[in-house]
Number of protein chains: 2
Amino acid sequence: MTPHNKKIPRMSLERLPIYYRTLCNLADNGYLRIKSAQLGKIIQIEPTTIRRDFSYFGDLGKSGYGYDIAHLIQIFGEILEVNETQGLALIGVGNLGRALLINNFRRNPNLEIISAYDADPHVIGETINKVTIQPLSDLKATIQTQQIKGVISTVPSHAFQEVVDYLVDCGITSILSFAPEPVHVPKNVHVRYLDLTSEVQNLLLLAEISDV
Amino acid sequence: MTPHNKKIPRMSLERLPIYYRTLCNLADNGYLRIKSAQLGKIIQIEPTTIRRDFSYFGDLGKSGYGYDIAHLIQIFGEILEVNETQGLALIGVGNLGRALLINNFRRNPNLEIISAYDADPHVIGETINKVTIQPLSDLKATIQTQQIKGVISTVPSHAFQEVVDYLVDCGITSILSFAPEPVHVPKNVHVRYLDLTSEVQNLLLLAEISDV
DNA sequence: CCATTTTTGTTAATTAAATCACATTTATAG
DNA sequence: CTATAAATGTGATTTAATTAACAAAAATGG
């Protein structure tokens, strides 16, 4: 059959990075083919779910055979645009920001923090992992010369809306925030929240509830 | 009506920390009552969803009035056990682990990293934010004296399963991992994954797809 | 104290995701 | 080349979550 033209479900897209990473690992270890049942074991996702997910991206498998790993990597890699470096900006270089900058997606060659910003004059000018910290007001100018595909923010909640307004003004459309406070943005701008406290609270809550 | 005895949906539990935090903010700012519509505006969740979520925890509101904020905080706080300090252990004190330890849930008085572990002899013995880094093999003994409610791991994927096996052996049942590799655990043990790379990839993917 | 307004809590409807079940396709062994 | 076994891709079903719609409850203003 031919690729669906139906809209791809959000959850299938969410799993795409997991598939991609796992398949790359398998390829690195010399595997050439895989069936949905094996893959399901590895990543703990039902084989049916995997097959349906894959089907949204084309007719990728062969009955009685499985999937060609290199082919999947090729297709998924294109969708994830792993062949073009995705330049990111980091806003907020406190402890967490610093750690992110030092790590800088080392294991993911196509993601790279290429510029960093902070409000604190004490850290502006400092260079971490080859990136020199600038005042946030420099972002607009930086964007002229380097393509920024998204922003990672460790800015605390109370200052976040203000920063986001500026980011939106700069034309940024993808923001990952480590502060939980929801901000208002135009609908073409995407904000994801990564709230560590909520994650831990939910984790403990789950344990609390399930062992009753 | 009386509280449901139906099982509380996973998604409603997921939102509980958001509700709790937002209500605390409102209380701090002197607010005494809130209606689902107002709260929905703030946290960008449909009022109906909020009302249904709340209903799982009892008959918390009054028609024509709304909800008493202090009362909600009381109820949700009990469920989240915010009055007992939840001691956590950190495994892996690299850049990220270090940042987590320095922050140490400063804004959340009931969550606290009370011990930290690493494999690297160079960091063992070092004290960060009053916590002295120990060899992982000490965990079992530490648990005898201090209650550890959960573990945060920044251990890289290749070493993670081994570490988790030890954690399970120690009786740990809640683990938050910054490494994406899924591990095998008994079904009474909960593992949450917080995969920064996937988050960023999904964020960019969403932008890419939606602005076609 | 009554009429009006507000807002809840919940039943019903809708939407989205996961899973089942199987016809179809392809590989493989004889 | 054919028969058998294996595994996909997808309609049909089930399960879960969200949203709509509204009756019932309480507040408020005359």
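Scope of the values below: all heavy atoms of this structure, side chains included, with no hydrogens, waters or symmetry mates. Residue numbering restarts at 1 for every chain, and letters A, B, ... go by the order of the sequence lines.
No donor-acceptor distance shorter than 3.5 angstrom exists from the side chain of B:E81 to the backbone of A:Q201, with no hydrogens or angles considered. Without hydrogens or angle criteria, A:Y166 side chain to A:K140 main chain gives a donor-acceptor distance under 3.5 Å. The backbone N or O of B:V183 lies less than 3.5 Å from a partner atom in the side chain of A:Q44, making a donor-acceptor pair.
Phosphate contact (OP1/OP2 of C:dT6, side-chain N/O of B:K35, threshold under 4.0 Å): absent. Residue B:S36 has a polar side-chain atom (N or O) positioned under 4.0 Å from OP1 or OP2 of C:dT8. Within the 4.0 Å cut-off from OP1 or OP2 of D:dA6, not a single side-chain nitrogen or oxygen of A:S63 is found. Between B:T49 and D:dT19, a side-chain N or O to OP1/OP2 separation shorter than 4.0 Å is present. Regarding contacts with the backbone of D:dT18, every side-chain N or O of B:T48 stays at 4.0 angstrom or more from both OP1 and OP2.
Position along DNA chain C of the nearest nucleotide to B:G66 versus A:D53 favours B:G66 as the more 5'-ward residue.
Counting any heavy atom pair closer than 4.0 Å across all strands shown, A:F54 reaches no nucleic acid atom.
When the P atom of D:dT19 is taken as reference, atom CD of B:Q44 falls 13 Å away, rounded to whole Å. One atom, CG of B:L60, and another, P of C:dG9, lie 7 Å apart when rounded to the nearest Å. The CZ atom of B:R33 sits 10 Å away from the P atom of C:dT8 (whole-angstrom rounding). Rounding to whole angstrom units, CD1 of residue B:I34 and C1' of C:dT7 are separated by 13 Å.
Two rings, from A:F76 and A:F54, have their centers less than 6.0 Å apart.
For the contact set between residues 10-23 of chain A and DNA chain C, defined by any heavy atom under 4.0 Å, the members are A:R10, A:M11, A:R15.
In terms of the side chain to side chain donor-acceptor pair (under 3.5 Å) criterion, residue partners of A:Q161 (sequence neighbours excluded) are, by chain and number, A:D165. Residues forming a salt bridge (charged side-chain N to carboxylate O under 4.0 Å, His left out) with A:R10 (at least two apart in sequence, or on another chain): A:E14.
Side-chain proximity of B:P9 to D:dT19, D:dA17, C:dT26: nearest is D:dA17. Of all nucleotides listed (D:dG9, D:dA21, D:dA26), D:dG9 comes nearest to the side chain of A:R51. Of all nucleotides listed (D:dG9, C:dT8, C:dT19), D:dG9 comes nearest to the side chain of A:Y67. Nearest nucleotide to the A:E46 side chain, out of C:dC20, C:dT26, D:dA26: C:dC20.
Judged by atom type and distance alone, B:R52 does not reach the base of D:dT18 through any side-chain donor-acceptor pair under 3.5 Å.
For the 3.5 Å distance criterion, the side chains of A:S198 and A:Y193 fail to qualify, holding no donor opposite an acceptor.
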